[in-house]
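All remarks here apply to the structure that follows.
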2 protein chains.
Amino acid sequence: MKSLKQMDRGALSDALDHAGQRTTPQREMVFSVLLDERNHPTADEVYTRTKSRMPTISMATVYNCLEALVTCGLVKQVNIEREPTRYCPNLSPHAHFHCRETGRVYDVPVPEGMMKDLVKVLPGNYSADSVELVFRGHLEKGKTK
Amino acid sequence: MKSLKQMDRGALSDALDHAGQRTTPQREMVFSVLLDERNHPTADEVYTRTKSRMPTISMATVYNCLEALVTCGLVKQVNIEREPTRYCPNLSPHAHFHCRETGRVYDVPVPEGMMKDLVKVLPGNYSADSVELVFRGHLEKGKTK
DNA sequence: ATTTGATTTAGAATAATTCTAAACTATGTT
DNA sequence: AACATAGTTTAGAATTATTCTAAATCAAAT
């Protein structure tokens with residue numbers, strides 16, 4: 001898909017607007033790239049993909065756009081073991097699985113409410129606004145996905 | 001505490017030995033530093049603390065020692081949001097809490113078996129050997145710890 | 001004693017990310 | 001419409017944690 005669906009375009013400008021930021025062609029393109037292939041790309045990968053559709057974009061702009069998208073809440077950063085930051089447009093609560101063999105990261109759906117329940121292990125004076133759950137291991141032979 | 005307790009010294013050389021590595025004064029000192037003040041120091045902080053007791057040690061050696069300790073299983077790396085890697089000698093299953101205000105990281109004890117139970121959310125073909133659970137937020141006024 | 005291999009060390013190299021300052025773009029105001 | 005203002009993009013420099021390199025040191029084993 002080469003461009004943003006109307007729905008996503010709307011969500012994007014709403015979210016940017018709400019954060020006091022402008023909707024620009026670069027931001028639309030980067031967002032589109034993220035929605036298009038949701039395999040947790042790094043900034044560098046996002047740069048390569050975006051550049052193929054918008055050859056004049058710079059690495060700095062890709063970082064700027066990603067930051068804007070994170071700030072306005074449409075994208076989440078995924079950090080695994082000090083590897084380069086990956087970007088994920090999946091906003092529903094989920095965990096991550098990191099395959100040691102391929103290095104790939106997979107979203108893992110979790111039962112409704114589970115992420116919230118986890119917070120209950122915290123002592124009373126700890127107030128958490130985010131919960132991250134990351135598994136590491138390998139995929140059994142068979143499925144690739 | 002300036003030096004390793006006999007118990008820890010034994011655990012250290014056993015573990016190093018088991019991994020085919022030698023017990024050296026630098027490794028003992030770095031391990032001692034980690035056991036001494038368990039506030040998830042970064043390599044840089046470990047370097048500073050170790051240097052105060054062993055002024056000739058180098059940064060490279062600190063990294064080497066930390067890597068040796070991680071490899072032989074006595075220490076775990078804790079990575080939060082692409083910040084510098086922290087080192088933690090707490091081997092019992094636990095979660096982490098990252099305070100956005102102070103940047104500090106706290107160990108959070110979890111109910112027996114909980115970390116293992118979390119693995120059950122994974123699809124059958126996902127085989128996890130490690131589970132990481134990180135909360136981010138802030139500490140309510142009152143206790144500092 | 002000598003060889004062998006591991007370890008330590010200082011400093012160079014790497015790599016992801018952030019910063020800087022100039023050019024560009026869009027928006028709102030008269 | 002012209003202009004001021006503020007936000008955005010851009011290339012390249014700077015930063016920073018970490019890894020690499022190669023020489024020096026050390027320790028164990030022949």
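Just so it is clear, the structure is predicted and the values come from calculations on it, not from any experiment. The figures that follow rest on heavy atoms only: side chains count, while hydrogens, waters and symmetry mates do not. First the proteins, then the strands, lettered A, B, ... as listed; each starts at 1.
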In whole angstrom, give the distance that lies between atom [atom1] of [X] and atom [atom2] of [N].
X       : N      : atom1 : atom2 : answer
A:Arg27 : C:dA26 : CZ    : P     : 13 Å
A:Arg86 : C:dA16 : CZ    : P     : 12 Å
B:Met29 : C:dT7  : CE    : P     : 18 Å
A:Glu45 : C:dA16 : CD    : P     : 10 Å
A:Arg22 : C:dA26 : CZ    : P     : 9 Å
A:Arg82 : C:dT14 : CZ    : P     : 18 Å
B:Tyr47 : C:dT9  : OH    : C1'   : 10 Å
A:Gln21 : C:dT27 : CD    : C1'   : 16 Å

(message) Quick check: on DNA chain D, is the nucleotide nearest B:Ala43 upstream (toward 5') of the one nearest B:Pro25, or the reverse? Name the residue that is more 5'.
(response) B:Ala43
(request) Before accepting this row, confirm whether a basic side-chain N of the pair A:Asp129/B:Arg100 lies closer than 4.0 Å to the acidic partner's carboxylate O. (result) yes
(message) Working note: B:His98 + B:Arg136, criterion side-chain hydrogen bond (donor to acceptor under 3.5 Å, both in side chains); need CA distance, chi angles, decisive distance, verdict.
(response) CA-CA 5 Å; B:His98 184 228; B:Arg136 306 190 74 221; 3.1 Å; yes
(message) Just N and O in the side chain of A:Thr85: are any of them under 4.0 Å from OP1 or OP2 of C:dT17?
(response) yes
Does any N or O in the side chain of [X] come within less than 3.5 Å of the main-chain N or O of [Y], such that one atom is a donor and the other an acceptor?
X       : Y       : value
B:Arg38 : B:Leu35 : yes
B:Arg82 : A:Asn79 : no
B:Ser32 : B:Glu28 : no

(message) Need two values: the first and the last nucleotide of DNA chain D, 5' to 3', having an atom under 4.0 Å from any heavy-atom of chain A.
(response) D:dA6 to D:dT18
Taking the side chain as C-beta and beyond, is there a heavy-atom pair between [X] and [Y] under 4.5 Å?
X        : Y        : answer
B:Met115 : B:Val110 : yes
A:Leu139 : A:Tyr106 : yes
B:Lys120 : B:Asp117 : yes

(message) Does anything in residues 54-73 of chain A come within less than 4.0 Å of DNA chain D? Heavy atoms only, and list the residues if so.
(response) A:Thr56, A:Ile57, A:Ser58, A:Ala60, A:Thr61, A:Asn64
(message) Under the side chain to side chain contact (heavy atoms under 4.5 Å, CB included) test against B:Pro41, which residue among B:Leu34, B:Val105, B:Val33, B:Leu66 passes?
(response) B:Leu34
